Amino acid sequence: MTTPRLRFSPAPTGYLHVGSARSALFNWLYARRVGGTFVLRIEDTDVDRSTPELIGAIHDSLGWLGIDWDEEYRQSDRFDAYRAAAADMLERGLAYHCDCSQDDVKARNDARGDGSSGYDGHCRERGVQPGDGVVVRFRTPDEGVTGWDDLIRGRVEFDNAVLEDFVIVRSTGVPMFHVANAWDDLDMGITHVVRGEDLVNTTPRVLLLRQAMGATDQPMYAHLPLIVNEQRKKLSKRRDDVSVGDYRERGFLPEAMRNYLVTLGWGDPDGQEIRPIDEIIERFDLAAINKAPAFFDVAKLESFNAEYIRALDDDVFLELIRPYVSAEAHAAIVPVVADVKDRCKRLDGAAEFVDWVVGPPAEPVEKDWKKHMGRAEVPEVLDAVVADLEALDDDAWTAEQMEAVVMGVGARLSTEDRTVRSQMPVRLALTGQRSGLPLWTPMVVLGRDAVLDRLRDARARLDA
RNA sequence: GCCCCCAUCGUCCAGCGGCCUAGGACGCUGCCCUUUCAAGGCGGUAACACGGGUUCGAAUCCCGUUGGGGGUGCCA
């Protein structure tokens, strides 16, 4: 038995699409699962879109996700082989030259008026010679069936009759991706082709080409269900956030992203969704992948991300958020790192927890203010807290003392008839918000003057 | 138009003929814990698209309908 060989073949577009990332991931998972080889093949036969920067974006995102590859190829380095393969097909009569312009083809189709849209085989027997504006087309069989046993979908078949004679060499002399794809899969000994469902229609062409190149076997195919948006349409660059790099910038952890991507189309029967990558590799199975499209649910991704963030060591978290927060915010977070980490859904959201420590308190929401500051005992509470805090020596300005003072006031003011809660008025006065970090340590960081100022401001506001 | 594919809670996944009065996760939500929030614990909400078969028995198999999606380039 030969070692399985899988490949991820992205076109260099300048970013890695999340759908592509998942294809890469599933290829990689399977390769690692079965001890196979994972090949990265850059499909850059459309030369003007092949630059080191565009390819670098793919490398970066794959690397970020922890997807490593064993071999790498670039199709632009292999044009000679594709040209030779095309020439050979030409020589053997399996392909022919065609000088029809796209307008010609369209005009004939319109004239026919039967709704057909593809190439009509006009040049099949015309003996067109190579020249300006001349392409090479593959002569598809007129009868018979081309199909394969898809690992995910089962048997898929196309009548050869519906396959038009497609272009295999552009008029510029550059072979089309089908040729490169078929030749490389054959030449590189690819055994499993795992890719998006949007490519099923090109599979019969590749299979026919592969045959024409002398192959007698087929690789195993597994066509993945598409990742869709809320409209159930394929994720598009225009309307959706599709770039892996963008998610990275928005503070998602690669482990969370990778883990979430796996759940789009696959789930372990034991029901556990979040688990270490080694365990996923161990359990992953191509044949168990779902057939239906999956919605990319950012809310769920964030939930995964929050869980991965919580599992981070405090010091690791502190380093990871550095690019996302100001130096001031970072310094403010250090003393309360665990509290921030536990509440942080994305790395870029860390700073908001200490906004009120670094800057002025937020302007309170009218409704919250009325509800919590409108209570009869609030003036008493604020006065008492201010008084008790003022009485504190500078060296007693500690988190323990903050808690003792604030909670003490509540306890002191409570009677059998009423329970006085002092925390919320203080919170609103200090932060302007009704929820957030535990107050005690941040109060120390904020400092005596600011704390007292804010409490007095709030108290004054009650009278206004 | 033609070709291909898909169809379980709002969403993702489990289920591969009886264990299903359909399970888990996200979301939403109730209670507990807590003088905030978060986390955690315990509940709740909510689905087998429809119609025919096959079978003693169907979410699971077959056919059709409906609904969605993908493709239909000298892009990949």
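A, B, ... follow the sequence lines: proteins, then strands. Residue 1 opens every chain. Computed from a predicted model, the values in this text were never measured in an experiment.
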S.K.: Heavy-atom count around A:E230 CD within 6.0 Å, excluding the residue itself: above 12?
M.R.: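 More than 12 heavy atoms, drawn from other residues, nucleotides or ligands, come within 6.0 Å of this atom.
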S.K.: Look at all strands and tell whether A:A287 reaches a base, only sugar-phosphate, or nothing, counting heavy atoms closer than 4.0 Å.
M.R.: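 The residue A:A287 makes no contact with any strand.
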S.K.: Look at all strands and tell whether A:F158 reaches a base, only sugar-phosphate, or nothing, counting heavy atoms closer than 4.0 Å.
M.R.: sugar-phosphate
S.K.: Is any side-chain nitrogen or oxygen of A:Q423 closer than 4.0 Å to OP1 or OP2 of B:U36?
M.R.: no
S.K.: For A:N259 and B:G24, what is the distance between atoms CG and P respectively, to the nearest whole Å?
M.R.: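 From A:N259 CG to B:G24 P: 20 Å.
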S.K.: Go along nucleotides 65-71 of chain B 5' to 3' and tag each nucleotide: B for a protein heavy atom under 4.0 Å from its base, S when only backbone or sugar atoms are that close, - otherwise.
M.R.: ----SBS
S.K.: Expressed in whole Å, how much space separates the P atoms belonging to B:C62 and B:C5?
M.R.: 13 Å
S.K.: Kindly say if A:R41 contacts the phosphate of B:A76, meaning a side-chain N or O under 4.0 Å from OP1 or OP2.
M.R.: no
S.K.: Take atom C1' in B:G18 and the same atom in B:U55, then report the distance between them in whole Å.
M.R.: 12 Å
S.K.: Show which side-chain atoms of residues 371-380 of chain A pair as donor or acceptor with protein atoms under 3.5 Å away, not counting sequence neighbours.
M.R.:
residue, atom, partner, partner atom, Å
A:R375, NE, A:E377, OE2, 3.1
A:E380, OE1, A:R418, NH2, 3.4

S.K.: Measure from CD1 on A:I274 to P on B:A25 and round the result to the nearest Å.
M.R.: 11 Å
S.K.: Hey, does A:G265 reach any base, or is it just sugar-phosphate, or nothing, if we go heavy atoms under 4.0 Å?
M.R.: sugar-phosphate
S.K.: Who does B:A14 pair with, Watson-Crick or G-U, both distances under 3.5 Å?
M.R.: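 Pair assignment: B:A14 / none.
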S.K.: Contact class for A:E157 (heavy atom, under 4.0 Å): base, sugar-phosphate, or nothing?
M.R.: sugar-phosphate
S.K.: At under 4.0 Å between heavy atoms, what does A:M407 touch on the DNA or RNA strands: base, sugar-phosphate, or nothing?
M.R.: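 Base contact.
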S.K.: If you check every side-chain atom of A:E273, which of B:A25, B:C75, B:U36 has the closest atom?
M.R.: B:A25
S.K.: Where do A:W266 and A:F284 land on the ring-ring contact (aromatic ring centres under 6.0 Å, His included) test, with the steps shown first?
M.R.: CA-CA 8 Å; A:W266 182 79; A:F284 184 72; 5.5 Å; yes
S.K.: Counting heavy atoms from C-beta on, name the nucleotide in B:C26, B:A38, B:U35 closest to the side chain of A:R343.
M.R.: B:A38
S.K.: Please determine, for the side chain of A:S303, which listed nucleotide (B:C26, B:A14, B:C74) has the closest atom?
M.R.: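 It is B:C26.
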S.K.: Is atom CZ of A:R434 surrounded by more than 12 heavy atoms (other residues, nucleotides or ligands) closer than 6.0 Å?
M.R.: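 No - once you tally the heavy atoms of other residues, nucleotides and ligands closer than 6.0 Å, there are 12 at most.
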S.K.: For B:U66, give its Watson-Crick or G-U wobble partner with both distances under 3.5 Å, or none.
M.R.: B:A7
S.K.: Which whole number of Å gives the distance between the P atom of B:A58 and that of B:C13?
M.R.: 27 Å
S.K.: Less than 3.5 Å apart, any donor N or O on the side chain of A:R195 or A:T203 sitting next to an acceptor on the other?
M.R.: yes
S.K.: Given the C1' atoms of B:C26 and B:A47, what is the spacing between them in whole Å?
M.R.: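 Result for the C1' pair: 16 Å, nearest Å.
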S.K.: How many whole angstroms separate atom CD of A:E302 from atom C1' of B:U11?
M.R.: 15 Å
S.K.: Within the structure shown, what part of the strands sits under 4.0 Å from A:E43 by heavy-atom distance: base, sugar-phosphate, or nothing?
M.R.: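 Answer is sugar-phosphate: A:E43 comes under 4.0 Å of backbone atoms only.
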S.K.: With heavy atoms under 4.0 Å as the rule, sort A:A411 into base, sugar-phosphate or nothing.
M.R.: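 Base, at least one base heavy atom under 4.0 Å.
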S.K.: Base, sugar-phosphate, or nothing: which does A:R153 touch, judged by heavy atoms less than 4.0 Å apart?
M.R.: sugar-phosphate
S.K.: Could you tell me how far apart A:D120 (CG) and B:C2 (C1') are, to the nearest whole angstrom?
M.R.: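 Checked: the CG to C1' distance equals 15 Å.
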S.K.: Between A:D165 and A:R139, is there a salt bridge with N-O shorter than 4.0 Å?
M.R.: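 Looking at A:D165 together with A:R139, the answer is no, because their closest N to O distance does not fall below 4.0 Å.
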S.K.: May I ask you to say what A:N181 touches in the nucleic acid, namely base, sugar-phosphate or nothing, with a heavy-atom cut-off under 4.0 Å?
M.R.: nothing
S.K.: Please check if the distance between the ring centroids of A:F252 and A:Y260 is under 6.0 Å.
M.R.: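 For A:F252 and A:Y260, the ring centres are not under 6.0 Å apart.
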S.K.: Hey, is A:D314 close enough to A:K341 for a salt bridge, meaning N to O under 4.0 Å?
M.R.: yes
S.K.: Specify the separation, in whole Å, of atom NZ of A:K341 and atom P of B:A38.
M.R.: 18 Å
S.K.: Suppose you measure atom C1' in B:G44 against the same atom in B:U36; what distance do you get, rounded to whole Å?
M.R.: 25 Å
S.K.: Distance check, C1' atoms only: B:U8 and B:A46, in whole angstrom units.
M.R.: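 Approximately 12 Å lies between the C1' atom of B:U8 and that of B:A46.
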S.K.: Counting side-chain heavy atoms from CB outward, which of B:A25, B:C75, B:C5 is closest to A:V156?
M.R.: B:C5
S.K.: Want to settle it: does A:T172 or A:Q272 sit nearer the 5' end of RNA chain B, counting the closest nucleotide to each?
M.R.: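 In this pair, the answer is A:Q272.
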S.K.: Whole angstrom is fine here: how far is it from CG in A:L224 over to C1' in B:C12?
M.R.: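 Between C1' of B:C12 and CG of A:L224: 15 Å.
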S.K.: Any donor-acceptor pair under 3.5 Å joining the side chain of A:K291 to the base of B:C6?
M.R.: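 Side chain to base: no pair below 3.5 Å.
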S.K.: For B:U55, give its Watson-Crick or G-U wobble partner with both distances under 3.5 Å, or none.
M.R.: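 Base-paired to nothing in any strand shown.
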S.K.: Taking atom C1' in both B:G64 and B:C9, compute the distance separating them and give it to the nearest angstrom.
M.R.: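 B:G64 and B:C9 have their C1' atoms separated by 27 Å.
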S.K.: Both A:R427 and A:R205 contact RNA chain B. Which one's nearest nucleotide lies toward the 5' end?
M.R.: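 Result of the comparison: A:R427.
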S.K.: Can you measure A:F304 atom CZ to B:G24 atom C1' for me and round it to whole angstrom units?
M.R.: 11 Å
S.K.: Is there a donor N/O on one and an acceptor N/O on the other, under 3.5 Å, for the side chain of A:S171 and the base of B:C74?
M.R.: yes
S.K.: Mind checking if A:V135 touches a base, just sugar-phosphate, or nothing, with heavy atoms under 4.0 Å?
M.R.: base
S.K.: Please report the C-alpha distance between A:T13 and A:K237 in whole Å, then the side-chain angles of each, then the deciding distance to 0.1 Å, and finally whether the side-chain contact (heavy atoms from CB on, under 4.5 Å) criterion is met.
M.R.: CA-CA 11 Å; A:T13 51; A:K237 181 171 170 66; over 6 Å; no
S.K.: Between B:A38 atom C1' and A:R434 atom CZ, what is the distance in whole Å?
M.R.: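 Computing the A:R434:CZ to B:A38:C1' distance gives 14 Å.
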S.K.: Minimum heavy-atom separation for A:L347 and A:L253, please, with both atom names.
M.R.: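 Here A:L347 and A:L253 meet closest at CD1-CD1, 3.7 Å.
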S.K.: Classify the nucleic acid contact of A:P10 as base, sugar-phosphate or nothing, counting any heavy atom under 4.0 Å across all strands shown.
M.R.: nothing
S.K.: Scan A:S422 against the nucleic acid and name what it touches under 4.0 Å (heavy atoms): base, sugar-phosphate only, or nothing.
M.R.: base
S.K.: Pick the C1' atom in B:C48 and in B:U21, then give their distance to the nearest Å.
M.R.: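 Approximately 14 Å lies between the C1' atom of B:C48 and that of B:U21.
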S.K.: Answer yes or no: does a side-chain N or O of A:N290 lie under 4.0 Å from OP1 or OP2 of B:U8?
M.R.: no
S.K.: For B:U35, which nucleotide in any strand shown is its Watson-Crick or wobble partner with both distances under 3.5 Å?
M.R.: none
S.K.: Looking at A:R250 and A:D241, is there a salt bridge between them, counting it only when a charged N and a carboxylate O are closer than 4.0 Å?
M.R.: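 Yes, A:D241 and A:R250 are salt-bridged.
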